[in-house]
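Below, chains carry the letters A, B, ... as their sequence lines are ordered, and counting in each starts from 1.
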2 protein chains.
Amino acid sequence: MQRVEVLKSIAHPVRIRILEELLKGVKCVSDFEDFLEISQPNVSQHLSLLRRQGLIDYYMDGRLRCYFLKDPIIPDLLEILTKDYIEELPAPACCPVSKRGTYPGARKH
Amino acid sequence: MQRVEVLKSIAHPVRIRILEELLKGVKCVSDFEDFLEISQPNVSQHLSLLRRQGLIDYYMDGRLRCYFLKDPIIPDLLEILTKDYIEELPAPACCPVSKRGTYPGARKH
DNA sequence: GTGATATATGCAAATATTATTATACTTGCA
DNA sequence: TGCAAGTATAATAATATTTGCATATATCAC
């Protein structure tokens, strides 16, 4: 499943911050190095993973590599992740639809 | 970060299928056991992780545990994951906004 | 060419996740 | 009370991810 791979790529504290920054605009490796408090090789490793997954890409600018967002699912996902959800989903009305269930459906939990 | 934890919970082929099924309605453990081809303890472990994260909950019905969706972010996330994105995001117009970058911005990549 | 800057890569160690197995708990029913 | 169905938990083994470090590559300025 492609979707799971995308999710796994985003589901990391460093990579989600990288993506959030890229949502604001183009950034090069040393820009990330400044505000993420990790080593340059580690930044590169995360960027390279995101690129392997096709989520971002870069262009060369002198000796800088300028990274930018590529996969359109990213802005949508990031937006949902910042959204405030106040209410829980409504609890199911009653009685499970289960092949084994002819039980009355009394909620004891 | 809470969001990363949520993403990690969803970013697994079994758990994403569990959540998709729960989107359709209530299901008990043995229901999952049937269509996911994994062992009962493994199903329980995934369910229990999802519950620890507050994404799902259950009620007792006889000796069945009937699981249901609880966190409203799930339907939104699942929807985006099934959406078709045809176009890539537009490439950035020009020239990086980088504190080091006064480079001309020629794209050599 | 030489040196400095910007970034990537390879590999091993540390850590986290997942599946498996065996066992325990709980409920309903005879 | 005792047994079976449904499910959970604990311990462990297998696997994947992440990080740190040393080193490599590429480009620019001189």
Between the protein and nucleotides 19-24 of chain D, list the N/O to N/O atom pairs that are separated by less than 3.5 angstrom.
residue, atom, partner, partner atom, Å
D:dT19, OP2, A:H46, NE2, 2.7
D:dG20, O6, A:Q45, NE2, 2.7

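Across A:L47 and A:I56, no two heavy atoms sit closer than the pair O-CD1, 3.6 Å. Contact detail for A:F68 and A:V26: the closest heavy-atom pair is CB-CG2, 4.2 Å. Between A:S9 and A:L50, the shortest heavy-atom distance links the atoms O-CD2, 4.1 Å. Listed here is the closest heavy atom pair of A:P72 and B:E88: CD-CA, 4.1 Å. Nearest heavy atom pair, residue A:E33 against residue A:I38, reads CG-O, 4.2 Å.
Between B:R63 atom CZ and D:dG6 atom P there is a gap of 6 Å when expressed in whole angstrom units. Distance A:L47 CG to C:dT9 C1': 14 Å, rounded to the nearest Å. In this structure, A:K27 places its NZ atom 18 Å from C1' of C:dT7, rounding to the nearest Å. The interatomic distance linking B:R52 (CZ) with D:dA8 (P) rounds to 12 Å, in whole Å. Atom P of nucleotide D:dT17 and atom NZ of B:K8 are separated by 12 Å, given to the nearest angstrom. Between the CD atom of B:E37 and the C1' atom of C:dT20 there is a distance of 17 Å, rounded to whole Å. The distance between atom CG of B:D34 and atom P of D:dA5, rounded to the nearest whole Å, is 15 Å. One interatomic measurement links the two molecules: CG of B:D57 to P of D:dA8, which rounds to 12 Å at whole-angstrom precision.
In this structure, B:Y67 reaches the sugar-phosphate backbone alone: every heavy-atom distance under 4.0 Å involves primed, P, OP1 or OP2 atoms, never a base.
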- Task: Test A:E20 against B:R3 for salt bridge (Lys or Arg N to Asp or Glu O under 4.0 Å), laying out the working first.
- Result: CA-CA 13 Å; A:E20 282 171 344; B:R3 300 170 300 159; 2.5 Å; yes
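Checked against C:dG28, C:dA6, C:dT7, the side chain of A:C28 finds its nearest nucleotide in C:dT7. Side-chain proximity of A:L49 to D:dT7, D:dA5, D:dT18: nearest is D:dT18.
Residue B:Q40 qualifies as enclosed at atom CD: its count of foreign heavy atoms under 6.0 Å is above 12.
Note on B:R65: a side-chain N or O is less than 4.0 Å away from OP1 or OP2 of D:dA8. For C:dT7, one of the phosphate oxygens OP1 or OP2 lies less than 4.0 angstrom from a side-chain nitrogen or oxygen of A:S30.
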